[in-house]
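Report on one structure; see the data block that follows.
All heavy atoms count here, side chains included; hydrogens, waters and symmetry mates do not. Position 1 is the first residue of the sequence; numbering continues from there.
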Amino acid sequence: MNVANSQLNQSPLHLLHRVQQYADDIFQREIGQNDTTPRQLAILTVVGSGEGLTQTDISDATGIDRSTVSELVARLTRRGLLARRKKVSDSRAYAVKLTAQGRDLLTRVEPQARAVEHKILTALGKQGPEFLDQLQTLVAKLDGGSDLKAK
């Protein structure tokens, strides 16, 4: 092993990126290129559990930045998976809901996505649940304004 690989193998940024690449590859292989991406699935899942959410609500719930949420919601709307309408209480905000086609896709893809997640965690054996707990802790700390979060 050379020095660069040794340094990279100690880098959480690099390792998290590599894991994400592998997870995306497995997701696309199992679910298919044409259905949805993990971020699109996250948006469909959040909207499906709270119809009428604004794009800001979706951004807050998923951790996806607002401009990306806006673009993804527009793309999912063009595909007929989401519908948007101006909120009565705030004409600057859109209320987003699943269409029947979106609900059908979510119902079909969610079990496949859970199988992909299971496959990824199973690669760690008994440490899979602990790894998931650690990821949740890390996200909560970074999201909660800890010293690790950018100022």
**Prompt:** Can you list every pair that meets salt bridge (charged side-chain N to carboxylate O under 4.0 Å, His left out) and has a residue in residues 62-76, with sequence neighbours left out?
**Reply:** E71-R75
**Asked** Tell me, which pairs form a salt bridge (charged side-chain N to carboxylate O under 4.0 Å, His left out) where one or both residues lie in residues 7-26, sequence neighbours left out?
**Response** none
Are more than 12 heavy atoms from other residues, nucleotides or ligands located less than 6.0 Å from atom [atom1] of [X]?
| X | atom1 | result |
| --- | --- | --- |
| R85 | CZ | no |
| K86 | NZ | yes |
| H118 | NE2 | no |

Minimum heavy-atom distance between [X] and [Y], given as atom pair plus value:
| X | Y | result |
| --- | --- | --- |
| T45 | L106 | OG1-CD1, 3.6 Å |
| I120 | A23 | CD1-CB, 3.6 Å |
| A95 | G52 | CB-O, 3.7 Å |

Nearest 0.5 angstrom please: [X] [atom1] to [Y] [atom2], how far?
| X | Y | atom1 | atom2 | value |
| --- | --- | --- | --- | --- |
| L105 | L41 | CG | CG | 8.0 Å |
| Q40 | R79 | CD | CZ | 5.5 Å |
| L72 | I43 | CG | CD1 | 4.0 Å |
| L82 | L98 | CG | CG | 6.0 Å |
| F27 | T36 | CZ | OG1 | 5.5 Å |
| T62 | L44 | OG1 | CG | 11.5 Å |

**Asked** Are I31 and I26 connected, step by step, through hydrophobic side chains (Ile, Leu, Val, Met, Phe, Trp, Tyr) whose heavy atoms are closer than 4.5 Å?
**Response**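 Linked within one cluster.
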Looking at side-chain heavy atoms only, is the closest gap between [X] and [Y] below 4.5 Å?
| X | Y | answer |
| --- | --- | --- |
| D57 | T54 | yes |
| Q136 | D133 | yes |
| V139 | L135 | no |
| R39 | V69 | no |

**Item:** Listed once per pair and sorted, the side-chain hydrogen bond (donor to acceptor under 3.5 Å, both in side chains) pairs that draw on residues 94-107, sequence neighbours left out
**Value:**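 Residue pairs with at least one partner in residues 94-107: E51-R103.
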**Message:** If we ignore hydrogens and angles and just use 3.5 Å, is the side chain of S59 paired with the main-chain N or O of Q55 as donor and acceptor?
**Reply:** no
**Prompt:** Looking only at atom types and distance, does a side-chain atom of E130 sit under 3.5 Å from a main-chain N or O of Q127, one as donor and one as acceptor?
**Reply:**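 No.
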